[in-house]
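Taking it in order: structure first as structure tokens, then the write-up.
Every chain is numbered from 1, with letters handed out A, B, ... down the list of sequences. If you're wondering where the values come from, they're calculated on a predicted model, not measured in any experiment.
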There are 2 protein chains.
Amino acid sequence: MGKTVIELEKVAQVLKLLGDKTRLTIMGLIKDGECCVCEFVEVLQMSQPSISQHLRKLRDAGLVKEQRRGQWIFYSVNTNHPSYLIVQQVLEQIPDQKEKLQALEEAGLRIQCDM
Amino acid sequence: MGKTVIELEKVAQVLKLLGDKTRLTIMGLIKDGECCVCEFVEVLQMSQPSISQHLRKLRDAGLVKEQRRGQWIFYSVNTNHPSYLIVQQVLEQIPDQKEKLQALEEAGLRIQCDM
DNA sequence: TGCAAATATAAGCATATGCTAATATACTAA
DNA sequence: TTAGTATATTAGCATATGCTTATATTTGCA
């Protein structure tokens, strides 16, 4: 697969979105999995509307996908995004967020949905 | 060389700085070289104070180095920055800015300083 | 049907950001 | 020393951003 150069302006837009502690953590949490909104709220200890607004920005830019399953909406990284390579490289550089999800699981707060 | 994981907050700060069209272009222009302020002004077609303010942010964060030579101050990428790897990977993904500098050179506007 | 849980949206507000205009500083050369 | 060039800094202003509070929407379940 050849290297694709992406318009500078598009890259700047993606970096701007990732350049926020909350959104970068969200992306780290779903680096290789998915989470629903209430899990983000629990892990990040932020209000639900605030999380929803960050998710909307990420979704509007196409960086994440959403999928409703029952009463929950699960978010995951959109690996088809033109700038996914950059996203991936960035997420390689930040501390692993898995332990935060494990803590959730141990507290019995991880959402399991089999629908 | 082992992989170093950098604090998420620090990474977010760097991405925020790169998440601006002007600053990203500046970084692209000095990806493998150096430029002085008047060259940025010419290439980006922006006011000198505006460029200076962007350069200050990049310098305050340690992403660029400055070196005075005569009446000019030359800026270059600080390859020793903790997040330099990320910076480098990002700059790989944007269109090459060299041609803009070549155009400057052909117009006789490139600064040559032998001090 | 009716209520509770999960999520989204909108309005309002405080702070951050990026630009311009004006001015200050540093260096060069006559 | 004086003028000119390059750069930095400051103040002011308009817009963008992120949060809170309040409310709407969707789904599950009794």
* **Base dA8(D) paired with Gln53(B) side chain (donor-acceptor, <3.5 Å)** => no
* Donor-acceptor pair under 3.5 Å: do we get one between Gln48(B)'s side chain and the base of dA6(D)? -> no
Tell me: [atom1] of [X] to [atom2] of [N], nearest whole Å?
X        : N       : atom1 : atom2 : result
Ile26(B) : dG18(C) : CD1   : P     : 11 Å
Gln71(A) : dC3(C)  : CD    : C1'   : 13 Å
Leu17(B) : dT17(C) : CG    : P     : 9 Å
Arg23(A) : dG18(D) : CZ    : C1'   : 9 Å
Glu42(B) : dA6(D)  : CD    : C1'   : 14 Å
Leu55(A) : dC19(D) : CG    : C1'   : 15 Å
Arg56(B) : dC19(C) : CZ    : P     : 14 Å
Asp20(B) : dT17(C) : CG    : P     : 11 Å

[N] phosphate, OP1 or OP2, under 4.0 Å from [X] side-chain N/O:
X        : N       : answer
Lys57(A) : dT17(D) : no
Lys16(A) : dT17(D) : yes
Arg69(B) : dA6(D)  : no
Ser50(A) : dG18(D) : no
His54(A) : dT17(D) : no
Tyr75(B) : dA6(D)  : no

* Structure fact -> Testing dA26(C), dT27(D), dT20(C) for proximity to the side chain of Arg68(B), the answer is dA26(C)
* Asked: If you check every side-chain atom of Trp72(B), which of dA6(D), dT20(D), dC19(D) has the closest atom?
  -> dA6(D)
* Asked: Across the strands shown, which category fits Glu39(B) at heavy-atom distances under 4.0 angstrom: base, sugar-phosphate, nothing?
  -> nothing
* Under 4.0 Å between any heavy atoms, over every strand shown, what does Lys21(A) touch: base, sugar-phosphate, or nothing? Just pick one. => nothing
* Do Lys21(A) and Glu7(B) meet the salt-bridge criterion of a basic N to acidic O distance under 4.0 Å? -> no
* **CD/Glu9(B): more than 12 non-hydrogen atoms of other groups inside 6.0 Å** => no
* **Lys10(B) atom NZ, neighbour heavy-atom count above 12 within 6.0 Å** => no
* Cation over ring, Arg59(A) on Tyr75(A), under 6.0 Å and within 45°? -> no
* Should Gln13(B) and Lys16(B) be marked as a side-chain hydrogen bond (donor to acceptor under 3.5 Å, both in side chains) after you check the CA-CA gap, both sets of side-chain angles, and the distance that decides it? -> CA-CA 5 Å; Gln13(B) 189 222 357; Lys16(B) 187 175 196 172; over 6 Å; no
